[in-house]
Structures are given as C-alpha cells and as structure tokens.
Protein chains: 2
Amino acid sequence: MARPRKPLLSRQLIVETASALVDAEGLDAVSTRRLAAELGVSGPSLYNHFRNKDEILDAVADAISAQVDLSMFDEDDGRDWRTALHDWAVSYRAALLAHPHTVPVLARGPGRRPAGLRLADAVFGAMVRAGWPPAQATRVGALMRYFITGSALGSFTAGFVGDAAAYDPADYPHLGQAHLLADRGEGIDEDAFETGLRALLDGLELQHRALIRS
Amino acid sequence: MARPRKPLLSRQLIVETASALVDAEGLDAVSTRRLAAELGVSGPSLYNHFRNKDEILDAVADAISAQVDLSMFDEDDGRDWRTALHDWAVSYRAALLAHPHTVPVLARGPGRRPAGLRLADAVFGAMVRAGWPPAQATRVGALMRYFITGSALGSFTAGFVGDAAAYDPADYPHLGQAHLLADRGEGIDEDAFETGLRALLDGLELQHRALIRS
DNA sequence: ACCTGAACACCGTTCAAGT
DNA sequence: ACCTGAACACCGTTCAAGT
C-alpha cells in the first residue's frame, strides 16, 4: 500500500493508543511493534512521527501532566497560597494514581515536556505573588513535587507483598504489630499522604510567616 | 568446560558486578548477556543463581538500602525522634544519590527486599517508642519515604534541560525570572530538600505535641 | 510525505547436554 | 550442582523501495 492518500497516523493518535496500552497492560507491553499492531500499522511507521520510543513515552507522560488542575494558581482565583498548594497536590496525586504505570516516566522530571513546565511555572508564579522570594518559591515548587511524585510512586502498601509469611518477626521485630498490610490496605497511603501534606504545609506556613515578618 | 570444580559465580558476585555496571553505564546497559560477559561467563549461567533479571535488579537495589544508616533508631541512641528522622533522611537520600540510576528500581517500594523492610521496621519501632500511636507511626514512615525517594528521583535540576532556548517566556511567563537553571545548578535540589525536610519535621512536631497533650 | 518489508544487532529465557 | 551452546520468540531502529 505504501503511502496512503490520507495519513494513517498522527502524534495524537499514537499517544492516545500508547496511553491506553500502558494503562491496560503496563509499561513493558509497549513495544514499537505491539503499539504499531494496535494501530493497524507496521512497526517502523512510528518513526515518521517520533524520533524514538522514549519520545513517545514522554508524550504519554506529558498528557497526564496536562490533566493536572492548575486553576488554583490563577491570579484571580480566591484561594490563598496554602490552600492552592493543597488543592494542587491533591489533584496532581490523583492524576498520577489514575495512571500508575506511567509514574516512573513522569518522575524523571519535567524534561522538555511542555505540560510539566507549565505546571512548574504556575506554582512558581503563584508563590512569588504570595510573597515568597523567588529563590524560596523555586524550592517550594520542587519540594512539593518531591512529596507528591514520591507518594504516587512509592505507594507504601503496594510495596509490601500480600502474604504475611514473608515477614519473619525475628527479622523485623516491630513490623508484626504494625498491621501494615491487609488490615488497612490502601487507606495507609491515603492517610500518609494527607498527614504528610498537612505537616508540609504547616511547616511552610511557619517559614512564610517568618519571612513576612522580617 | 561445563561445570567447574569451583563455582564461577555467586549471588554476591553477580550483584556487585551488576551494581558497578548500573553505576557506570545506566540501567539500560544491564542485559543478561552483557552482565554475563562482564563476569566472564555465558548468559544463561545467571539463571542458576537468580530466577530472572528483575530479581537481580532487586538485589542491587537492596544492597543500597542496606547502606542506609539506621543507628539513630537504636533504642540506646540518644537522639530524639525528630533528630533521628532528620539524620536518617539525610543518610537515606545520600545513599540514593550515590547510585542515581538505581533509584527507579528502589522507588518501587520495599517489596521482598530485606534491607528495605529492615528500614521500615526500624523507623516504625523508633516512632512508637517516641510516643506515636502505631497507626501514626506507620504514616510517618511512609510519608518520609515519599519525600526522600521523591527528592532523589525527581531531581528538579536534572529534570530541566540545559539550553534556555527551550523555555519560551511566552509559554512560561514566570519561569524566565526563576533563574532555575545554570545559575544555581544542583544547589536548588539541596536547598529544596533541606527546606522541605525542615517543614515536614516542623509540621510533624506540631502533630506530635497535639497527640501527647491529649 | 508516509507507509512497507527486509535487515541488523540486539534482547530475556528455556532446555538438553555436558561434567 | 553449575556451566555451555542452541534455540525461541521477541526487541528498537535503519533504510531502500514504493506511491
């Protein structure tokens, strides 16, 4: 068939298909041949639209960053900086957890992905407007990202395996009473995220007050 | 040659060689064939010592967790819980940053890796001893892990590309003045980590005081 | 410009065969 | 028990050839 009169592929179509494939079967399922098959096309065709496979995965990750709500950082949004940061963190984490297989790609940093940059830009702008000196505003954006991506990636509960036999109390004297596992399940991650977020914001508020006072 | 009179390989030797290879050339450089070649052996030999490649990488990651200092959580160590948590966080992050290519593997959670579990156990035990209720102690361990691994993984600075041309001020109105890049360089990550860690501990102290008082 | 098949240099893993 | 070579079913990517 060679070249069709109307292109069979587009960057958007490739990204959407790849994204669905990652969500359904994990990162390992995305090979160029498999993805191409899903698109009804032969493997090398993808290279007309992306330089390589990593670029495709970057685009998939960026599509997720693009879903993160940033309206709380708008200049005319009423929320104070603390509330804005809180709401953003919750929205950011939810977007990541909706696509858990993609988190490792996202966690590599904003890179050249435009939505990741837009995100960093919005946080920075809002913090400066709230009175944080630029250097501090940069740190706030970075440290919030640490916590949020860390919480999505290193899901505490998921990290532990199901069967309790793996945890010999002789090796881990305290873990037995920790009722870490089936007991509470995913709630632990929710609770830890909320507890940590509150602690982080409480601590930042202390620093902000000290700054303003001087 | 078939079976040698004395084994050519051991789990330890494989892990050490794999670790060096990851550090020197990154995660992608570790293929079973390449690793075997580095060991002067043929590819399938590895399967006499590990079930599969992932198990090898898990062992590499666990070897790093094992390097994290945990002495601050000893029962007879003088440090209060806040100082212990702080010192542990610094030591943990340093261990991760010493092997940046391995962080994505580590960040998948403790899994069955014994050193990862020992770490979670030590934190939990020390927090309970310091007066945190068990459920809270679990959260503290988890949220600290979020922040620490997130900071090692999503290195803010490394995430941005070098050339400023990538950042059109029209797209990112605030980022221009952010002097994010070459200006400060890696210091940003250091500063953000320290700022975040202090905020986190300040916030936790508030919660701890509220708990004790009741 | 955009797709194809063929080809290259790889993969992870299984397995029978050797000692 | 522990290594080998051969084999299977894959990879990512390049490239000449087609329209």
Side-chain angles (χ1 to χ4, degrees), chain A residues 1-62 101-102 104-105 108 111-113, chain B residues 1-62 101-102 104-105 108 111-113:
Chain A
M1 86 168 59
R3 172 158 120 97
R5 338 180 35 260
K6 202 169 170 285
L8 299 175
L9 298 177
S10 67
R11 286 178 67 96
Q12 203 204 339
L13 183 59
I14 293 169
V15 170
E16 280 168 7
T17 308
S19 193
L21 189 54
V22 177
D23 284 347
E25 306 189 31
L27 218 44
D28 288 347
V30 183
S31 73
T32 56
R33 284 171 163 90
R34 173 71 196 280
L35 175 56
E38 216 79 24
L39 286 156
V41 110
S42 93
S45 307
L46 302 171
Y47 290 83
N48 285 301
H49 302 271
F50 289 93
R51 236 192 301 276
N52 53 41
K53 186 185 161 179
D54 269 359
E55 234 183 41
I56 298 177
L57 291 178
D58 268 0
V60 169
D62 202 48
H101 293 128
T102 316
V105 181
R108 304 196 285 218
R112 285 186 184 276
R113 291 183 264 107
Chain B
M1 83 169 58
R3 171 158 120 96
R5 333 172 48 255
K6 203 171 169 285
L8 299 176
L9 297 178
S10 68
R11 286 177 66 96
Q12 203 203 338
L13 184 60
I14 293 169
V15 170
E16 280 168 7
T17 309
S19 194
L21 189 53
V22 177
D23 283 348
E25 305 189 33
L27 219 43
D28 289 346
V30 182
S31 73
T32 56
R33 284 171 163 90
R34 172 73 195 280
L35 174 56
E38 215 80 23
L39 285 156
V41 109
S42 93
S45 307
L46 301 171
Y47 290 82
N48 285 300
H49 303 269
F50 289 93
R51 236 191 302 275
N52 52 43
K53 186 185 161 180
D54 268 359
E55 233 183 42
I56 298 176
L57 292 178
D58 268 359
V60 168
D62 201 48
H101 293 128
T102 315
V105 181
R108 303 195 285 217
R112 283 183 186 280
R113 289 183 266 107

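These numbers were taken from a predicted model, which means no experiment stands behind them. Lettering of chains follows the sequences in order, A, B, ..., and the numbering in each one begins at 1.
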>> Quick check: on DNA chain C, is the nucleotide nearest A:Pro7 upstream (toward 5') of the one nearest B:Tyr47, or the reverse? Name the residue that is more 5'.
In response: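 The residue mapped nearer the 5' terminus is A:Pro7.
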>> My understanding is that only residues two or more places apart in sequence, or in another chain, count here; which of them pass salt bridge (charged side-chain N to carboxylate O under 4.0 Å, His left out) with B:Glu55?
In response: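 Only B:Arg51 meet the salt bridge (charged side-chain N to carboxylate O under 4.0 Å, His left out) criterion with B:Glu55.
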Validation row: [X], [Y] side chains within 4.5 angstrom (heavy atoms):
X: B:Leu57; Y: B:Phe50; answer: no
X: A:Asn52; Y: A:Thr32; answer: no
X: A:Leu9; Y: A:Asn48; answer: no

Starting at atom [atom1] of [X], determine the distance to atom [atom2] of [N], rounded to an integer number of angstrom.
X: A:Ile14; N: C:dC2; atom1: CD1; atom2: P; value: 11 Å
X: B:Arg51; N: C:dT13; atom1: CZ; atom2: C1'; value: 14 Å
X: A:Glu55; N: D:dT13; atom1: CD; atom2: C1'; value: 14 Å
X: B:Lys53; N: C:dG12; atom1: NZ; atom2: P; value: 4 Å
X: B:Ile56; N: C:dG12; atom1: CD1; atom2: P; value: 9 Å
X: A:Arg5; N: D:dT19; atom1: CZ; atom2: C1'; value: 12 Å
X: B:Phe50; N: D:dA1; atom1: CZ; atom2: P; value: 18 Å
X: B:Asn48; N: C:dA16; atom1: CG; atom2: P; value: 15 Å

Among residues at least two apart in sequence or on other chains, which ones pass side chain to side chain donor-acceptor pair (under 3.5 Å) with [X]?
X: A:Arg5; value: none
X: B:Asp23; value: B:His99
X: B:Arg34; value: B:Glu25, B:Glu38

> A:His49 pairs by side chain to side chain contact (heavy atoms under 4.5 Å, CB included) with which of A:Ile14, A:Ile56, A:Val15?
Replying inline: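 Single side chain to side chain contact (heavy atoms under 4.5 Å, CB included) partner of A:His49 among A:Ile14, A:Ile56, A:Val15: A:Ile14.
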>> Let's see if you get this right: which residues in residues 18-46 of chain A place a heavy atom under 4.0 Å from DNA chain D?
In response: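 Within this stretch, A:Val30, A:Ser31, A:Thr32, A:Arg33, A:Pro44 sit under 4.0 Å of the strand.
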>> As a quick check of understanding, evaluate side chain to side chain contact (heavy atoms under 4.5 Å, CB included) for B:Leu13 and B:Leu8, giving each step before the final call.
In response: CA-CA 9 Å; B:Leu13 184 60; B:Leu8 299 176; over 6 Å; no
>> Any side-chain N or O of B:His49 below 4.0 angstrom from OP1/OP2 of D:dC3?
In response: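 For B:His49, the contact criterion (side-chain N or O under 4.0 Å from OP1 or OP2 of D:dC3) is met.
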>> Please give the distance between the P atoms of C:dA9 and D:dA9 as a whole number of Å.
In response: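 My reading of the P atoms in C:dA9 and D:dA9 gives 22 Å.
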> Dot-bracket for DNA chain D: what is it, with Watson-Crick or G-U pairs under 3.5 Å, [ ] where a pair crosses earlier ones, and | for a pair to another strand?
Replying inline: ||.|||||...|||||.||
